[in-house]
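Here's the structure we're looking at; comments come further down.
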Amino acid sequence: MFRNRLRQVGWFAYELLGRSVRHHRLTHLVSNRMQLVSSKIRIPVTLSFAIPFFGYNSTVSTTEVKQEPSDDDAKNELKQKIIEADQLFLLNKFDDVVSLLEEYEDKNDVQVLWRISKAKYNMSLDENISKEKKKMLISSAHESIIKALSIDSNISEVHKWAAVLIDAHSKINFGIKEQLEKLETVKFHLQRALELNPKDPLIRYMIGFWCYNLADISWFQRNIGSIIFSTEIPSSTFEEALKYFKEAESLQPKFYCKNLLMLGKTFLKMDNKFSAEYYLKLVTQYPVKTVEDHEAKTEAEKILKSSIW
């Protein structure tokens, strides 16, 4: 059931791509008991920002690119390439972004590095690629974003994608225990991204998603999971999650179908069925333009048709 829960949580896709979990050895007595109990509990690992919610194309405006001397042709050319890359992101042409910017990857330009990281991460979400290809893309994207952090840690998008890729990299390369240990690091980068760009609704959605999934772990699940994975699992509340989802919606109403979905699900967890129904119905009326829109609408319809009403 651990794996089942992990698949539901998904960073970030959604929702998470399931993977095998190898438990650390405990004493024979504890091991036998834990294996029996763990088969009946579920622990969501928060981001696993394998969430395709990154179909929401929030890119930095071109004014955010550092102004360079007008007489420097090479730098002006790079500036133009970055503008082109942002246009390609809007078209979900991630391969083209990498092709466009890869020749500048070794120039230690932070604006190039975080965009390449974002593009490679999105490429890794393609269900048709092999596991080896996915791992390679995430590892390469992770390397680029860590390099960007070391060069300039005062850019919101760098911290946003550091959060995504630290989570994804720990999951695909090391496993659930490492991913759990990185949850606080993930939240740190999200909070820092928010400090640097408080007007980005997607960051608030991401923090809310982090909070929601940790709030959804019961006391029993948390304690058993801590024993099995030998690490303390962070905690949060549905009230905290709701705060971020509502703030995101206030900044940009209906900017993202899954923020509406999470508002509905959070209100439902808080036993506010009136508000939950309101947001879930908004999801069912949301224009379906992407796979994420379809997934959100299907889930909302399923909840509205369930016996909880």
Side-chain angles (χ1 to χ4, degrees), residues 11-14 47 49-66 76-105 107 109-129 133-134 136-138 140-149 151-152 155-168 189-190 193-194 196-197 199-206 209 248 251-252 254-259 287-296:
W11 222 231
F12 286 128
Y14 289 116
L47 300 182
F49 289 116
I51 299 179
F53 62 48
F54 290 115
Y56 168 72
N57 291 299
S58 175
T59 58
V60 174
S61 65
T62 56
T63 57
E64 203 174 298
V65 179
K66 296 179 180 178
N76 285 332
E77 180 182 351
L78 174 56
K79 181 179 177 181
Q80 184 58 41
K81 295 287 187 183
I82 288 175
I83 293 173
E84 291 177 27
D86 286 345
Q87 293 171 343
L88 290 171
F89 272 121
L90 295 175
L91 300 173
N92 293 327
K93 294 185 177 182
F94 309 117
D95 297 68
D96 291 344
V97 172
V98 174
S99 297
L100 183 68
L101 298 179
E102 61 185 352
E103 65 178 290
Y104 303 98
E105 193 168 4
K107 296 186 180 297
D109 188 292
V110 175
Q111 297 293 339
V112 169
L113 290 170
W114 77 253
R115 283 173 170 83
I116 287 178
S117 296
K118 173 182 177 179
K120 288 183 177 179
Y121 174 77
N122 277 280
M123 288 166 63
S124 77
L125 299 181
D126 186 345
E127 296 180 352
N128 296 316
I129 65 173
K133 177 69 171 178
K134 178 184 179 69
M136 182 193 73
L137 286 167
I138 288 178
S140 178
H142 177 263
E143 181 180 353
S144 294
I145 204 66
I146 295 302
K147 184 178 181 180
L149 268 177
I151 297 171
D152 190 344
I155 297 176
S156 178
E157 291 293 314
V158 172
H159 283 283
K160 180 196 293 186
W161 288 97
V164 174
L165 285 158
I166 286 171
D167 178 82
H189 286 294
L190 290 176
L194 184 60
L196 292 166
N197 186 9
K199 294 184 179 181
D200 185 343
L202 183 60
I203 298 173
R204 293 180 189 275
Y205 163 80
M206 291 166 71
F209 192 79
L251 283 171
Q252 191 174 336
K254 299 181 181 180
F255 77 103
Y256 183 42
C257 61
K258 289 200 169 180
N259 193 66
V288 177
K289 298 179 180 179
T290 68
V291 173
E292 299 169 85
D293 297 337
H294 175 72
E295 291 174 347

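Keep in mind that the numbers below use all heavy atoms, side chains included, and drop hydrogens, waters and symmetry copies.
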Nearest 0.5 angstrom please: Asp109 CG to Lys79 NZ, how far? 12.5 Å
Please report the shortest heavy-atom distance between Lys258 and Glu295, naming the atom on each side. NZ-OE1, 3.1 Å
Would you call the rings of Phe94 and Phe89 parallel, tilted or perpendicular if under 30° counts as parallel and over 60° as perpendicular? tilted
Rounded to the nearest 0.5 Å, what separation is found between the CG atom of Leu78 and the CD atom of Glu103? 9.0 Å
Find out whether Lys134 and Ile138 are in side-chain contact, i.e. whether some heavy atom of one side chain is under 4.5 Å from a heavy atom of the other. yes
Any side-chain heavy atom of Leu194 sitting closer than 4.5 Å to one from Met206? no
Pairing residues for Glu102 by the side chain to side chain donor-acceptor pair (under 3.5 Å) criterion, not counting sequence neighbours: none
Checking His189 now: which residues fulfil side chain to side chain donor-acceptor pair (under 3.5 Å) with it, not counting sequence neighbours? His159
Please report the C-alpha distance between Ile129 and Leu137 in whole Å, then the side-chain angles of each, then the deciding distance to 0.1 Å, and finally whether the side chain to side chain contact (heavy atoms under 4.5 Å, CB included) criterion is met. CA-CA 10 Å; Ile129 65 173; Leu137 286 167; 4.0 Å; yes
How long is the span from the CD1 atom in Ile145 to the CD atom in Glu157, to the nearest 0.5 Å? 9.0 Å
Rounded to the nearest 0.5 Å, how far apart are CD1 of Ile155 and CG of Leu196? 9.0 Å
Could you check whether any side-chain N or O of Asn122 sits under 3.5 Å from a backbone N or O of Lys118, counting only pairs where one atom can act as donor and the other as acceptor? yes
Min side-chain heavy-atom separation Leu101-Arg115 under 4.5 Å: yes
Output yes when Lys160 and Asp200 qualify as a salt bridge under the 4.0 Å nitrogen-oxygen rule, no when they do not. yes
Restricting to side chain to side chain contact (heavy atoms under 4.5 Å, CB included), what partner residues turn up for Leu251, sequence neighbours left out? Pro201, Arg204
Can you name the residues that form a side chain to side chain donor-acceptor pair (under 3.5 Å) with Ser117, not counting sequence neighbours? none
Heavy-atom closest pair (Ala162 atom, Leu149 atom, distance to 0.1 Å) is CB-CD1, 3.7 Å
Please indicate whether Glu143 has more than 12 foreign heavy atoms, meaning atoms of other residues, nucleotides or ligands, lying under 6.0 Å from its CD. no
How close do Ala141 and Lys120 get, counting heavy atoms only, and between which atoms? CB-CB, 3.9 Å
Could you tell me which residues satisfy side chain to side chain donor-acceptor pair (under 3.5 Å) with Lys93, sequence neighbours excluded, listed by chain and number? none
Between atom CG of Asp96 and atom CG of Leu91, what is the distance when rounded to the nearest 0.5 Å? 9.0 Å
Tell me every residue that passes side chain to side chain contact (heavy atoms under 4.5 Å, CB included) with Lys289, counting only those two or more places apart in sequence or in another chain. Pro287, Asp293
Minimum-distance pair of heavy atoms, taken over all atoms of Ala119 and Val98: CB-CG2, 3.7 Å
If I compare all heavy atoms of Leu113 with all of Ser144, which pair ends up nearest, and what's the gap? CB-O, 3.9 Å
Between Tyr104 and Glu77, do the side chains contain a donor N or O and an acceptor N or O under 3.5 Å apart? yes
Hey, could you give me the CD/CG distance between Gln252 and Asn259, rounded to the nearest 0.5 Å? 10.0 Å
Quick one: are Ile116 and Val112 in side-chain contact, heavy atoms under 4.5 Å? yes
